[in-house]
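Below is one structure; the comments refer to it alone.
First listed ligand is number 1; within each ligand, the first listed atom is number 1.
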Amino acid sequence: MSRRPQIAIDGPVASGKSTIARLVADRLGYTYIDSGAMYRALAWAARERGITRDQKNEAAALARNIAIRLEPVPGGGNRVFVDGAEVTDEIRTLEIGQLASELSAVPAVRERLVAMQQEMAAGGGVVMEGRDIQTVVLPDAEVKIFLTASPEERARRRQLEFEQRGQQVDYEEVLAEIKGRDHRDMNREHSPLRPAPDAVHLDTIGLSIEQVVEKVLAIVKEKCG
Ligand code: DC
């Protein structure tokens with residue numbers, strides 16, 4: 001029997017990837033995989049050990065030696081574990097996001113995490129979201145979607161997300177962080193954030209979450225029948 005489809009959703013920070021990917025996975029009965037959570041888990045472990053953004057060799061060794069596990073929550077996101085300890089909530093801070101972006105530029109870190117992601121998606125029936133899923137991790141994915149929205153719109157969404165978790169953050173600070181991460185994620189030498197040549201581009205500005213989900217489901221139907 002041929003494997004079930006792989007759906008790759010990429011886009012910049014706060015483009016709505018996680019929410020959209022989660023809902024699409026839920027509707028299709030597929031497994032949702034948040035690849036960014038794995039880079040965040042690595043950053044969390046690095047910080048615990050006092051490894052800084054400049055310590056590339058240490059970060060690479062850490063990536064080789066820790067066990068990062070994602071556990072899909074039916075109808076929800078992923079619970080995240082590092083060496084058996086749950087870090088699901090701890091990894092959702094601006095600081096960890098920043099360090100994740102910095103350490104994700106280290107080739108040996110990417111190599112290790114990409115291999116883990118490919119293994120997780122091997123059987124198909126997955127919706128995986130990140131930065132390099134359609135270009136590097138799953139270049140043969142049946143569906144490749146690149147989500148976009150302006151930095152200002154994304155900063156507003158991100159600020160709201162933090163508020164909903166009870167964290168107060170400054171809009172200008174979030175906007176600066178988003179622009180900084182966009183720049184680094186798009187301009188890094190290895191696996192920069194960019195659409196695959198055969199990606200479908202979806203600008204989410206002015207669309208509700210439900211409208212974006214419907215559009216993605218329509219694309220899946222068109223590509224996979
Ligand atoms: O999607 P996120 O904000 O949780 O990801 C955190 C960082 O991890 C992001 O700034 C870049 C990195 N990342 C990556 O390099 N490749 C991925 N597939 C996913 C995330």
Side-chain angles (χ1 to χ4, degrees), residues 6-22 25 32-47 53 56 59-60 62-63 68 70 77-80 82 87-121 126-139 141 144-149 151 154-155 157-162 165 167 169 174-196 199 204:
Q6 295 170 332
I7 300 172
I9 302 183
D10 294 286
V13 55
S15 55
K17 298 185 304 279
S18 305
T19 308
I20 302 304
R22 216 159 36 215
Y32 162 68
I33 304 173
D34 173 2
S35 69
M38 298 169 71
Y39 290 92
R40 286 173 178 270
L42 177 89
W44 180 86
R47 209 193 46 172
R53 60 185 186 171
K56 298 190 168 61
L62 179 65
I68 299 172
L70 296 186
N78 289 158
R79 290 176 71 190
V80 186
V82 173
V87 295
T88 308
D89 295 329
E90 286 86 337
I91 62 173
R92 301 289 161 197
T93 65
L94 280 180
E95 189 196 350
I96 294 289
Q98 176 79 14
L99 187 59
S101 173
E102 284 159 349
L103 296 181
S104 71
V106 178
V109 165
R110 302 203 69 80
E111 215 171 281
R112 169 85 172 113
L113 267 54
V114 165
M116 288 170 64
Q117 290 154 7
Q118 288 172 333
E119 206 172 295
M120 291 162 79
V126 295
V127 181
M128 190 181 286
E129 53 109 340
R131 303 291 191 290
D132 61 339
I133 308 306
Q134 56 195 261
T135 51
V136 176
V137 181
L138 305 175
K144 299 174 185 173
I145 291 171
F146 198 81
L147 290 181
T148 53
R154 291 186 280 127
R157 293 179 189 166
R158 184 52 40 117
Q159 189 184 27
L160 199 66
E161 261 174 53
F162 277 113
R165 284 202 300 269
Q167 295 181 46
V169 289
V174 177
L175 181 60
E177 195 256 354
I178 281 181
K179 286 183 174 169
R181 269 220 271 163
D182 278 0
H183 184 78
R184 199 171 29 250
D185 294 347
M186 291 193 283
N187 293 291
R188 68 182 174 216
E189 194 181 338
H190 299 278
S191 314
L193 166 67
R194 69 164 65 117
T204 64

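- For the pair Tyr39 and ligand 1, the shortest N or O to N or O distance does not fall below 3.5 Å.
- Contact detail for Ile133 and Glu129: the closest heavy-atom pair is CG1-C, 3.7 Å.
- For the pair Val136 and Ser191, the tightest heavy-atom approach, listed with the atom from each and the gap, is CG2-OG, 3.7 Å.
- Annotation for ligand 1: atoms under 4.0 Å from non-hydrogen atoms of Gly130 are 18 (N), 19 (C).
- With respect to atom 19 (C) of ligand 1, the closest heavy atom belonging to the protein is Ser35 OG, 3.4 Å.
- The part of Arg188 lying near ligand 1 is the side chain, judged by heavy-atom distances below 4.0 Å.
- No heavy atom of Met38 sits closer than 4.0 Å to any atom of ligand 1.
- Taking each of Arg181, Arg131, Gln134, Arg158 in turn, the one with a heavy atom nearest to atom 17 (C) of ligand 1 proves to be Arg131.
- Taking 4.5 Å as the limit, every side-chain heavy atom of Leu103 sits out of range of all side-chain heavy atoms of Leu62.
- A side-chain N or O of Thr204 and one of Arg157 form a donor-acceptor pair less than 3.5 Å apart.
- Between Arg110 and ligand 1 there is a heavy-atom distance shorter than 4.0 Å.
- Side-chain atoms of Gln6 come within 3.5 Å of backbone N or O of Ala121 as a donor-acceptor pair.
- Within 6.0 Å of CD on Glu90 lie more than 12 heavy atoms contributed by other residues, nucleotides or ligands.
- Polar contact check, Gln117 against ligand 1: no nitrogen or oxygen pair lies under 3.5 Å apart.
- Every atom of ligand 1 is numbered from 1 in the order shown, and the set under 4.0 Å from a heavy atom of Asp185 is 9 (C), 10 (O), 11 (C).
- Within the 4.0 Å heavy-atom criterion, the part of Arg40 lying near ligand 1 is the side chain and not the backbone.
- Contacts of Ser104 with ligand 1, taken as heavy-atom pairs under 4.0 Å, involve the side chain alone.
- At least one donor-acceptor pair under 3.5 Å links the side chain of Lys17 to the backbone N or O of Gly11.
- Taking the charged nitrogens against the carboxylate oxygens, Glu177 and Arg181 do have a contact shorter than 4.0 Å, which makes a salt bridge.
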